[in-house]
Amino acid sequence: IQDDPTSLPAAGAGVIGGVDASDSANSYWRNKINNFAAGTFGTDQTGLGHAALRQLIRDCTFGQQRSKIILAGENAYEALEKSLLSSTRINDPRVNLLASAGIDSIVFKNTVVVMEKRIDVVREAAGLTGSAFYCLNARSFRIWGMKHRWFKMGNFREPTNQDSQVAHCITRLNTSCRARREQGVMFNVS
């Protein structure tokens, strides 16, 4: 999900499947973006942050297809969490199950927001600015297993000082997205 979806990092001006991301005629194909530079989250849910996050969720919604989860960098998650401290929150049973699994989450506009610390690290390493929220629609993702490496078992071995045998299990897969326009990012969150 690119901060600038008009061009992709791949060589060749970002043409994938015959669709040129830089061509304004194909703007429907691009992922949605919201540059949050100089914005702040208020403490009463009326700040620019809440409005921008609501807008991103709306931008990524098409009919019944809507984002089910938002991955947030640590700084973005903390900004949202601080802004909601004075709010009363009622947890859905599904959210309680997430919390029971050791995953800390917030529900924002019926969408689960989960903190993923690696987002800030990866963005900084790539030279991208600020923390981010990634709005994901899992229905658009497809996983393709490589038949020649799909759960292939290696040779069994006996570890030293153990009465057991172990074997490496190898698998390879690719992930693709059938509808980039259902994904989005809000970046420059500090």
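All values below were derived from every heavy atom in this structure, side-chain atoms included, with hydrogens, water molecules and symmetry-related copies excluded.
Rounded to the nearest 0.5 angstrom, Asp4 CG and Asn35 CG are separated by 10.5 Å.
Side chains of Leu128 and Phe187 form no contact here, defined as non-hydrogen atoms less than 4.5 Å apart. Contact annotation: the side chain of Phe36 approaches that of Leu48 to within less than 4.5 Å [non-hydrogen atoms, C-beta and beyond]. Side-chain atoms of Asp3 and Ile33, non-hydrogen and from C-beta on, never get closer than 4.5 Å to each other. Between Lys68 and Arg66 there is a side-chain heavy-atom pair separated by less than 4.5 Å. The closest side-chain heavy-atom distance from Ile57 to Phe108 is below 4.5 Å. In this structure the side chain of His50 reaches within 4.5 angstrom of the side chain of Ser83, judged on heavy atoms. Between Ile70 and Met186 there is no side-chain heavy-atom pair separated by less than 4.5 Å. Inter-residue side-chain proximity for Glu182 and Cys60 is flagged as unmet; no heavy-atom pair is nearer than 4.5 Å.
When the shell of 6.0 Å around CZ of Arg172 is examined, it contains 12 or fewer heavy atoms from other residues, nucleotides or ligands. Within 6.0 Å of the CD atom in Glu124, the count of heavy atoms belonging to other residues, nucleotides or ligands does not exceed 12.
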Indicate every side-chain donor-acceptor pair of residues 113-121 with a distance under 3.5 Å to a residue at least two apart or in another chain.
unit_1, atom_1, unit_2, atom_2, d
Glu116, OE2, Arg118, N, 3.2
Asp120, OD1, Ser131, OG, 2.6
Asp120, OD2, Glu74, N, 3.0
Asp120, OD2, Asn75, N, 3.2

Take Asn34 and Asp59 through the side-chain contact (heavy atoms from CB on, under 4.5 Å) test and state the conclusion after the steps.
-> CA-CA 10 Å; Asn34 193 329; Asp59 288 346; 5.8 Å; no
Can you check side-chain contact (heavy atoms from CB on, under 4.5 Å) on Phe141 and Leu136, steps first, answer last?
-> CA-CA 9 Å; Phe141 295 128; Leu136 306 177; 4.2 Å; yes
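There is no side-chain donor-acceptor pair under 3.5 Å between Gln183 and Arg180.
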